Amino acid sequence: MSKIDRRAFLMGSALAFAPALALANEDPYAASPWRKLSDADWRRRLDTPTYNVLRREATEMAGTSPLNKEKRKGTYVCAGCALPLFASQWKFESGTGWPSFYTAIKGALGKKTDFAIGVPRTEYHCARCLGHQGHVFPDGPRPTGLRYCNNGDALRFIPA
């Protein structure tokens with residue numbers, strides 16, 4: 001890994017962990033065309049709220065996502081590249097105001113430590129396009145005890 005890649009990785013850039021994972025041969029999406037899109041391409045493809053969450057790591061206001069009330073069977077996919085991230089049966093009502101899941105589809109997410117609010121949190125991104133999804137916390141239900149707290153603007157629901 002070059003000094004530039006290493007520094008960006010350690011600084012926590014959303015795009016930085018792609019080269020590090022690719023070098024470790026652990027990243028099946030390293031050559032994905034989604035990773036080659038420019039910021040201007042993303043701006044053209046996404047509406048403003050989705051762009052701000054996926055590409056700028058923003059957080060939507062609690063309670064604003066229509067996905068909070070989604071109860072049908074189906075799959076939640078990345079709003080950027082449509083990679084399946086969560087199955088509907090893993091969704092639960094966390095009372096936080098954001099769609100929450102107790103597990104994710106294996107290999108669908110990348111994680112990093114985020115210090116944006118001054119304390120370390122585990123942030124997760126779509127493994128294919130590196131779009132920011134949310135944060136995972138250790139206060140979820142069984143069987144995992146995890147709560148993947150996801151921005152609704154970062155997801156699309158595909159009914160079964």
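Numbers here simply count residues along the sequence, with the first being 1. Source: prediction; values computed, not measured.
- Under the 3.5 Å distance criterion, the side-chain polar atoms of Asn151 are left unmatched by any main-chain donor or acceptor of Asp153.
- No single ILVMFWY cluster, assembled from side-chain heavy atoms under 4.5 Å apart, contains both Leu83 and Val53.
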**OP:** Report the C-alpha distance between Leu155 and Leu85 in whole Å, list the side-chain angles of each, state the deciding distance to 0.1 Å, and finish with yes or no for side chain to side chain contact (heavy atoms under 4.5 Å, CB included).
**Re:** CA-CA 9 Å; Leu155 295 172; Leu85 305 177; 3.9 Å; yes
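- Ile105 and Tyr102 fall within the same hydrophobic cluster, where Ile, Leu, Val, Met, Phe, Trp and Tyr residues are linked whenever their side-chain heavy atoms come under 4.5 Å apart, directly or through other members.
- Using a 4.5 Å heavy-atom threshold, the side chains of Thr103 and Leu146 count as separate.
- Judged by distance alone, the side chains of Tyr124 and Asn150 do bring a donor and an acceptor atom under 3.5 Å apart.
- Salt bridge status for Asp27 with Arg35: present, with a side-chain N to carboxylate O gap under 4.0 Å.
- Using a cut-off of 4.0 Å between Lys/Arg side-chain N and Asp/Glu carboxylate O, Arg45 and Asp41 are scored as not salt-bridged.
- In summary, Arg121 and Glu123 do not engage in a salt bridge, as defined by a charged side-chain N under 4.0 Å from a carboxylate O.
- In summary, the side chains of Thr50 and Arg156 do present a donor paired with an acceptor at a separation below 3.5 Å, with no hydrogens or angles considered.
- Of the possible donor and acceptor atoms, one in the side chain of Lys91 sits under 3.5 Å from a partner among the backbone N and O of Asn68.
- Taking every heavy atom of both residues into account, Phe115 and Pro120 meet most closely at CE2-CB, 3.6 Å.
- In this structure, NE2 in His132 is found 11.5 Å from SG in Cys78, a value given to the nearest 0.5 Å.
- Side-chain polar atoms of Arg56 and Tyr51 form a donor-acceptor pair below 3.5 angstrom.
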Original post:
Hey, mind stepping through Glu57 and His125 against side chain to side chain contact (heavy atoms under 4.5 Å, CB included) and telling me if it holds?
Top reply: CA-CA 9 Å; Glu57 299 181 356; His125 289 75; 3.1 Å; yes
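- Side-chain contact between Lys69 and Lys71 is absent, with no heavy-atom pair separated by less than 4.5 Å.
- The distance from atom CG of Leu67 to atom CZ of Phe157, rounded to the nearest 0.5 Å, is 8.5 Å.
- Contact check for Thr122 versus Asp114: no side-chain heavy atoms found under the 4.5 Å cut-off.
- Between the side chain of Gln133 and the main chain of Ala154, a donor-acceptor pair closer than 3.5 Å is present.
- For Trp98 (side chain) and Glu60 (main-chain N/O), a donor-acceptor pair under 3.5 Å exists by modelled atom type.
- The distance from atom SG of Cys129 to atom CG of Leu54, rounded to the nearest 0.5 Å, is 6.0 Å.
- In this structure, Lys36 places its NZ atom where more than 12 heavy-atom neighbours from other residues, nucleotides or ligands lie under 6.0 Å away.
- For the atom pair CZ of Arg43 and CZ of Arg55, the computed distance is 11.5 Å after rounding to the nearest 0.5 Å.
- Interatomic distance, Cys81 SG to Trp34 CH2, rounded to the nearest 0.5 Å: 6.0 Å.
- Distance SG/Cys149 to NE2/His135: 9.0 Å, rounded to 0.5 Å.
- Minimum interatomic distance between Arg128 and Ala82 (heavy atoms only, all atoms of both residues): NH2-C, 3.5 Å.
- Checking each of Phe92, Tyr148, Trp90, Phe86 against Phe101 for a ring-ring contact (aromatic ring centres under 6.0 Å, His included) leaves exactly one that passes, namely Phe86.
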